[in-house]
*Asks:* 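Could you have a look at this structure, given as structure tokens, before my questions?
For ligands, and for the atoms within them, numbers begin at 1 and follow the listed sequence. Note that this is a predicted model, so its numbers are computed, not measured.
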Amino acid sequence: MELTLEGKRALVTGSSSGIGRGIALRLAGEGATVIVHGRNADRSRGVADEITAAGGDAEVVTGDLTSAAETDALLDQVIAAGGADILINNAGGRAGGFSPEPVWETSADRWLATYQLNVLSAVAVTQRLVPGMLERGWGRVIHVASAVALHQPPAFADYQGAKAAEINFARSLARGLGGSGVTANSISVGIIATPDSESELQRAAATLGASDWRDVEKELATTVFRQQVPRIGRPDDIAWAVAYLASPRADFVTGTNIVIDAGI
Ligand SMILES: NC(=O)c1ccc[n+]([C@@H]2O[C@H](COP(=O)([O-])OP(=O)(O)OC[C@H]3O[C@@H](n4cnc5c(N)ncnc54)[C@H](OP(=O)(O)O)[C@@H]3O)[C@@H](O)[C@H]2O)c1
């Protein structure tokens, strides 16, 4: 399928690593100019270099999206360079990491920090880039949410709540943008091997007596995580769906949430 992303500019937040990196490489492979973003300049530049080495076009912006000043500065840069037709709100995770404390012990500060990292950062970026999409009469906003927003493991309630809010924000946006040529959707991601999920995968592997999750990947996927596909996901499992939603092929798709979690 030709996704015809040539001539489109795509900002992928948090694309210096993990799922975002996979999305950046895939969108670039389909012809988009990708604006790689992360906090770490070297890692972000490294992904941009991978894109250009493969014959694609890439730019780099850096900044912490939990800082209003840094967010404004990097968005000034993006807008000055031509804005973005495609926005992938991918940066996120759990503030302070996935430590498995009892759910009632998660502090209010952590709830707020996780909400800021996943939801308010995406709201701020969206608010600055959507006006340009509206002027051009075409655009895509895609949120990388999580399947834990839909089925609840017994921890990380702050993270689950934030990811559910992202799905709701995408739906509200889709309604607000109705008829404009700009669509908004979310993807509820299952368990994908990335630097952020490494500690969780290792903790789960330990329950099977393994010191490395890769040695028990099939058993981990089917018995511990109860997936129907016997392997742990990889960033490209998500990136293909994002590339489709980002493309003109998905003109008829808005306000939806696609679950990619191996059938948990
Ligand atoms: N991995 C999974 O199993 C899984 C499952 C469901 C949902 N998700 C979601 O998928 C998204 C990507 O996760 P991942 O597993 O790929 O994580 P990752 O490998 O740790 O990558 C996170 C990315 O976000 C950036 N980032 C983190 N905090 C940031 C901040 N405050 N400001 C700006 N950028 C920031 C990082 O940039 P630097 O490294 O440059 O700092 C990095 O590029 C997240 O929204 C996560 O909630 C992941």
Side-chain angles (χ1 to χ4, degrees), residues 11-26 34-48 60-75 78 88-98 112-122 124-125 142-153 156 158-167 169-170 186-204 213 220-221 224-225 227 231-239 241-242 257-262 264:
L11 170 63
V12 185
T13 68
S15 46
S16 59
S17 165
I19 295 170
R21 170 180 168 274
I23 293 170
L25 296 176
R26 179 59 51 210
V34 174
I35 305 156
V36 177
H37 160 261
R39 285 170 301 188
N40 183 292
D42 289 343
R43 270 202 297 274
S44 305
R45 172 50 58 198
V47 174
V60 174
V61 293
T62 54
D64 186 335
L65 293 178
T66 64
S67 151
E70 290 189 30
T71 303
D72 273 345
L74 76 89
L75 289 171
V78 171
I88 315 298
N89 282 316
N90 166 77
R94 188 176 190 224
F98 286 92
L112 282 170
T114 300
Y115 199 79
Q116 174 75 52
L117 173 60
N118 292 274
V119 187
L120 298 182
S121 62
V125 177
I142 299 164
H143 294 262
V144 177
S146 172
V148 299
L150 310 170
H151 41 73
Q152 313 272 314
F156 321 136
D158 54 322
Y159 179 67
Q160 292 162 359
K163 291 319 227 183
E166 279 191 77
I167 296 170
F169 178 49
S186 57
I187 297 197
S188 282
V189 171
I191 298 145
I192 305 294
T194 68
D196 199 40
S197 62
E198 183 71 18
S199 62
E200 257 202 291
L201 288 170
Q202 295 299 30
R203 205 165 27 243
W213 66 265
L220 199 58
V224 179
F225 296 131
Q227 294 178 191
R231 66 172 175 82
I232 299 302
R234 300 295 191 276
D236 225 22
D237 292 313
I238 305 306
V242 171
N257 176 55
I258 297 179
V259 182
I260 302 181
D261 69 349
I264 289 175

*Asks:* What I want to check is whether the side chains of Thr66 and Asp64 have a donor and an acceptor closer together than 3.5 Å.
*Replies:* yes
*Asks:* Using the side chain to side chain contact (heavy atoms under 4.5 Å, CB included) rule, pick out the option among Val144, Ile238, Ile142 that qualifies with Asn90.
*Replies:* Val144
*Asks:* Taking distance alone, with no angle check, do Ser146 and ligand 1 share an N/O pair under 3.5 Å?
*Replies:* no
*Asks:* If the cut-off is 4.0 Å to any non-hydrogen atom of Gly63, which atoms of ligand 1 fall inside it?
*Replies:* 32 (N), 33 (C)
*Asks:* Quick one: does ligand 1 sit under 4.0 Å from the side chain of Arg21, the backbone, both or neither, non-hydrogen atoms only?
*Replies:* neither
*Asks:* In terms of atom number and element, which parts of ligand 1 are under 4.0 angstrom from non-hydrogen atoms of Gly38?
*Replies:* 37 (O), 40 (O)
*Asks:* Have a look at His37 and tell me which of Leu65, Val12, Val60 forms a side chain to side chain contact (heavy atoms under 4.5 Å, CB included) with it.
*Replies:* Leu65
*Asks:* Taking distance alone, with N or O pairs closer than 3.5 Å, would you say Gly14 contacts ligand 1?
*Replies:* yes
*Asks:* Looking at ligand 1, would Ser188 count as a contact under a 4.0 Å heavy-atom criterion?
*Replies:* no
*Asks:* Where's the contact between Ile191 and ligand 1, heavy-atom distance under 4.0 Å: side chain, backbone, both or neither?
*Replies:* backbone
*Asks:* Which atoms form the tightest heavy-atom contact between Ile167 and Ala149, and what is the distance?
*Replies:* CD1-CB, 3.8 Å
*Asks:* Would you tell me which option among Asn90, Val36, Ile19 has the nearest heavy-atom contact to atom 11 (C) of ligand 1?
*Replies:* Asn90
*Asks:* I need the minimum non-hydrogen distance between Leu201 and Phe225, along with the two atoms involved.
*Replies:* CD2-CE1, 3.8 Å
*Asks:* Near Ser15, which atoms of ligand 1 are under 4.0 Å from a heavy atom of that residue?
*Replies:* 43 (O)
*Asks:* Closest approach of Ala124 and Thr71, non-hydrogen atoms and distance?
*Replies:* CB-CG2, 4.4 Å
*Asks:* How does Arg94 reach ligand 1, by side chain, by backbone, by both or by neither, if only non-hydrogen atoms under 4.0 Å count?
*Replies:* neither
*Asks:* Indicate the atoms forming the closest heavy-atom contact of Thr114 with Asn118, along with that distance.
*Replies:* O-ND2, 2.9 Å
*Asks:* I need the Ser67 OG to Asp72 CG distance, nearest 0.5 Å.
*Replies:* 8.5 Å
*Asks:* At under 4.0 Å between heavy atoms, is it the side chain or the backbone of Ser17 that contacts ligand 1, or both, or neither?
*Replies:* both
*Asks:* Where do Leu11 and Ile35 come nearest, in terms of heavy atoms and distance?
*Replies:* CD1-O, 3.6 Å
*Asks:* Show which atoms of ligand 1 fall inside a sub-4.0 Å distance from at least one heavy-atom site of His37.
*Replies:* 33 (C), 34 (N)
*Asks:* Near Thr66, which atoms of ligand 1 are under 4.0 Å from a heavy atom of that residue?
*Replies:* 31 (N)
*Asks:* What part of Ser44, side chain, backbone, both or neither, has a heavy atom within less than 4.0 angstrom of ligand 1?
*Replies:* neither
*Asks:* Under a 4.0 angstrom heavy-atom cut-off, which atoms of ligand 1 come close to Tyr159?
*Replies:* 6 (C), 7 (C), 8 (N), 9 (C), 46 (C), 47 (O)
*Asks:* Below 4.5 Å, heavy atoms only, C-beta onward: do Ile264 and Ile191 meet side chain to side chain?
*Replies:* yes
*Asks:* Salt bridge or not between Glu166 and Lys163? Use side-chain N to carboxylate O under 4.0 Å.
*Replies:* yes
*Asks:* Of all the non-hydrogen atoms in the protein, which one sits nearest to atom 38 (P) of ligand 1, and at what distance?
*Replies:* Ser16 OG, 3.3 Å
*Asks:* Less than 4.0 Å is my threshold; does some heavy atom of Gly190 fall inside it relative to ligand 1?
*Replies:* yes
*Asks:* Out of all atoms in ligand 1, which are within 4.0 Å of some heavy atom of Arg43? Include the element for each.
*Replies:* 38 (P), 39 (O), 40 (O), 41 (O)
*Asks:* Counting heavy atoms only, which part of Ala193 comes closer than 4.0 Å to ligand 1: side chain, backbone, both or neither?
*Replies:* neither
*Asks:* Tell me the closest heavy-atom pair linking Asp261 and His151, and the distance in Å.
*Replies:* OD2-NE2, 3.1 Å
*Asks:* Among Asn89, Ile23, Asp196, which one puts a heavy atom closest to atom 17 (O) of ligand 1?
*Replies:* Asp196
*Asks:* Any nitrogen or oxygen of Leu65 lying under 3.5 Å from a nitrogen or oxygen in ligand 1? Just yes or no.
*Replies:* yes
*Asks:* Under 4.0 Å from a heavy atom of Leu117: give me the atoms of ligand 1 that qualify, with their elements.
*Replies:* 28 (N), 29 (C), 30 (C), 31 (N)
